[in-house]
A.B. asks: 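Let me give you the structure first, and then I'll get to my questions.
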Amino acid sequence: MNKKPGSAALVNAGSGTRAVWGGEQVRHPYNATQTPIVVSAAYGYDDIDVWYDVALGKAPGFIYSRMGNPTVETLEAKIRELELAESAVAFSSGMAAISSVLYTFLAHGDRVVSTKDSYGGTNKIFEEFLPRTGVSVTLCETFDHEEIEREIAKGCQLVYLETPTNPTLKVLDIQRLVAAAKRVGAVVVADNTFATPLNQNPLALGVDVVIHSATKFLSGHGDVLGGLVCGSEVLMAKVRHYREINGAALDPFSAYMIIRGMKTLVLRMRQQQRSARALAEYLCTEPLVESVNYPGLPGHPNHAVACAQMSGFGAIVSFVVSGGMDTVKVLLPRLRFAHCAGNLGAVETIYGPARTTSHVENTLEERLALGISEGLVRISVGIEDTDDLLDDLKQAFAFVRSSGNSAVLENTQLSINETCAGIAG
Ligand SMILES: *Cc1c(COP(=O)(O)O)cnc(C)c1O
């Protein structure tokens, strides 16, 4: 595909412009303005020498879509623009990206240091799969930076960070932990799904490899699975090689869906973050709520770090209701403008308890050990009007109160968690 005549580099362009034009300043066949979905499994050559050069990577081109596909490469170019990365590799899901990165960089005898709070599937790789291959994993208390630094200093090959965490919205000090990792020569990997590239660019903070579940905010419509990995060309060549062999390639239809979704990322996030803040502030005043997790709240334990390394606080809020599951079961079905589902980052608002969403893979004992209480509910705030979302949540809580569930009402905390300190009613 030819570069569009007169197309300027995006170096000085803002993120909204990058999201629209990244990877797409090209002239497509037939002068199509949209990226074609190239469905070909293989690519044909009449000149055997050229074919051989392409296969060896000495000439540009495609051989077989597990190795590379034009639609998928456009998506890779777009995330490169947003994460300010030299190179990117797309996968069939966020978990395919995460597991492939871990298996690319780890071998028998290696050690990983990470935190207890991470996506449930990631936690399963750490607890179940990596130990089987002779890789040891140490999961630290997420809030305890001293413990994480101590464990890193003992020696490790990979430090895995997820910030903010799912679903507890804890924030890790990326630069501080990168410094500890660099002292022992470890590769630092960060899951940037919750923050999105608009709010946080971990590569600029010293991280080596950034991962996104493109299923979430990047695609934004809850209708496609995908994963993206960004970093230096040297590191991404290794990740790409692993993808060629394990076969977790993204299909071109999904790549197109993610490309299309990413163009509106900035507009969506602007609205979603505005509503997320409003909902978090309201939840702080709701007597049936024991605690609220949102990095934008001044009382959030890592608020200062969040302000320093993020340019926005994201569109996920979580809270703990008094009365646990009994309250959750009455509250959630009452919501009119929300799906109750195990997804996030879509244009529709989505509510879900940790038990059936982020930590569905874990047992009750495992969840409690991870500090995930049964009354923890995650909201992925959508693009609906802020006032409608506020009214909806308020009427659902009013219903819980009127339903007279005595267990719930007796447990009601009248004093609100200190997370909310400093928030006006
Ligand atoms: C959803 C999610 C994943 C997994 O992504 P899939 O696309 O569902 O495989 C990983 N990390 C985080 C933070 C997520 O929210």
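These numbers come from a predicted model, not from an experiment. All residue numbers in this chain count up from 1 along the given sequence.
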A.B. asks: Quick one: are H28 and Q34 in side-chain contact, heavy atoms under 4.5 Å?
C.D. replies: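 No; the side chains remain at least 4.5 Å from each other.
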
A.B. asks: S15 and L82: which non-hydrogen atoms are nearest, and at how many Å?
C.D. replies: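 Taking every non-hydrogen atom into account, O-CD2, 3.7 Å.
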
A.B. asks: Sort out for me which residue in I98, T193, N192 forms a side-chain contact (heavy atoms from CB on, under 4.5 Å) with S213.
C.D. replies: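 In the set I98, T193, N192, the residue that makes a side-chain contact (heavy atoms from CB on, under 4.5 Å) with S213 is T193.
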
A.B. asks: Are V210 and L228 packed together at the side-chain level, in the sense that at least one heavy-atom pair is separated by less than 4.5 angstrom?
C.D. replies: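 Result no, sub-4.5 Å side-chain heavy-atom pair not found.
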
A.B. asks: List for me each residue that meets salt bridge (charged side-chain N to carboxylate O under 4.0 Å, His left out) alongside K394, sequence neighbours excluded, and say none if there are none.
C.D. replies: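 Partners of K394 under the salt bridge (charged side-chain N to carboxylate O under 4.0 Å, His left out) test: none.
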
A.B. asks: Who pairs with E244 by salt bridge (charged side-chain N to carboxylate O under 4.0 Å, His left out), at least two apart in sequence or on another chain?
C.D. replies: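 If we apply the salt bridge (charged side-chain N to carboxylate O under 4.0 Å, His left out) test to E244, skipping adjacent residues, there are no hits.
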
A.B. asks: How would you list, by chain and number, every residue that makes a ring-ring contact (aromatic ring centres under 6.0 Å, His included) with F126, sequence neighbours excluded?
C.D. replies: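 Result, ring-ring contact (aromatic ring centres under 6.0 Å, His included) vs F126: Y160.
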
A.B. asks: Got a sec, which residues hit salt bridge (charged side-chain N to carboxylate O under 4.0 Å, His left out) with D191, two or more places apart in sequence or on another chain?
C.D. replies: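 Not a single residue meets the salt bridge (charged side-chain N to carboxylate O under 4.0 Å, His left out) criterion with D191.
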
A.B. asks: Within the structure provided, determine whether V347 and R268 are in side-chain contact (heavy-atom separation under 4.5 Å).
C.D. replies: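 Yes - at least one pair of side-chain heavy atoms lies under 4.5 Å apart.
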
A.B. asks: Partners of R150 by side-chain hydrogen bond (donor to acceptor under 3.5 Å, both in side chains), sequence neighbours excluded?
C.D. replies: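 By the side-chain hydrogen bond (donor to acceptor under 3.5 Å, both in side chains) rule, R150 matches no residue at all.
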
A.B. asks: Just verifying a value: how many Å separate E348 CD and F337 CZ, rounded to the nearest 0.5 Å?
C.D. replies: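 If I round to the nearest 0.5 Å, the distance is 13.0 Å.
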
A.B. asks: Going by side-chain hydrogen bond (donor to acceptor under 3.5 Å, both in side chains), name the residues that satisfy it together with T104, two or more places apart in sequence or in a different chain.
C.D. replies: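 Here no residue qualifies.
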
A.B. asks: Using ring-ring contact (aromatic ring centres under 6.0 Å, His included) as the criterion, list what pairs up with Y43, not counting sequence neighbours.
C.D. replies: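 By the ring-ring contact (aromatic ring centres under 6.0 Å, His included) rule, Y43 matches F62.
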
A.B. asks: Taking only residues two or more places apart in sequence, or in another chain, which ones meet R111 in a salt bridge (charged side-chain N to carboxylate O under 4.0 Å, His left out)?
C.D. replies: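 If we apply the salt bridge (charged side-chain N to carboxylate O under 4.0 Å, His left out) test to R111, skipping adjacent residues, the hits are E151.
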
A.B. asks: Just so I know, are the side chains of L283 and Y294 near enough to count as touching, which here means a heavy-atom distance under 4.5 Å?
C.D. replies: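 Answer no - side chains too far apart.
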
A.B. asks: Kindly indicate whether a cation-pi arrangement holds for K124 with F129, taking the cut-offs as under 6.0 Å to the six-membered ring centre and within 45° of the axis.
C.D. replies: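 Relative to the ring axis of F129, which defines the angle, K124 lies outside at least one limit.
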
A.B. asks: S219: what forms a side-chain hydrogen bond (donor to acceptor under 3.5 Å, both in side chains) with it, not counting sequence neighbours?
C.D. replies: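 None.
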
A.B. asks: Is there side-chain contact between E83 and P202, with at least one heavy-atom pair below 4.5 Å?
C.D. replies: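 SC-SC contact between E83 and P202 confirmed.
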
A.B. asks: Is there a side-chain contact between N246 and S100 (heavy atoms, below 4.5 Å)?
C.D. replies: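 Counting from C-beta outward, N246 and S100 do come under 4.5 Å.
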
A.B. asks: How would you list all residue pairs meeting side chain to side chain donor-acceptor pair (under 3.5 Å) that involve residues 330-345, not counting sequence neighbours?
C.D. replies: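 Checked against side chain to side chain donor-acceptor pair (under 3.5 Å) - neighbours excluded - the pairs reaching residues 330-345 are R336-D392.
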
A.B. asks: Answer whether the closest heavy-atom distance between the side chains of V321 and L331 falls below 4.5 Å.
C.D. replies: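 Result yes, sub-4.5 Å side-chain heavy-atom pair found.
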
A.B. asks: Could you work out, with ring-ring contact (aromatic ring centres under 6.0 Å, His included) as the rule, every residue matching H303, not counting sequence neighbours?
C.D. replies: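 In terms of ring-ring contact (aromatic ring centres under 6.0 Å, His included), with neighbours along the sequence ignored, H303 is linked to F313.
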
A.B. asks: With salt bridge (charged side-chain N to carboxylate O under 4.0 Å, His left out) as the criterion, how do E76 and R243 come out once you've worked through the C-alpha distance, each side chain's angles and the decisive distance to 0.1 Å?
C.D. replies: CA-CA 14 Å; E76 291 169 342; R243 183 189 66 183; 3.1 Å; yes

A.B. asks: Could K263 and Y256 be counted as a cation-pi pair, given that NZ or CZ must be under 6.0 Å from the ring centre and within 45° of the axis?
C.D. replies: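 Negative - K263 is either too far from the ring of Y256 or too far off its axis.
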
A.B. asks: Could you tell me which residues satisfy side-chain hydrogen bond (donor to acceptor under 3.5 Å, both in side chains) with T142, sequence neighbours excluded, listed by chain and number?
C.D. replies: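 T142: side-chain hydrogen bond (donor to acceptor under 3.5 Å, both in side chains) contacts with D117.
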
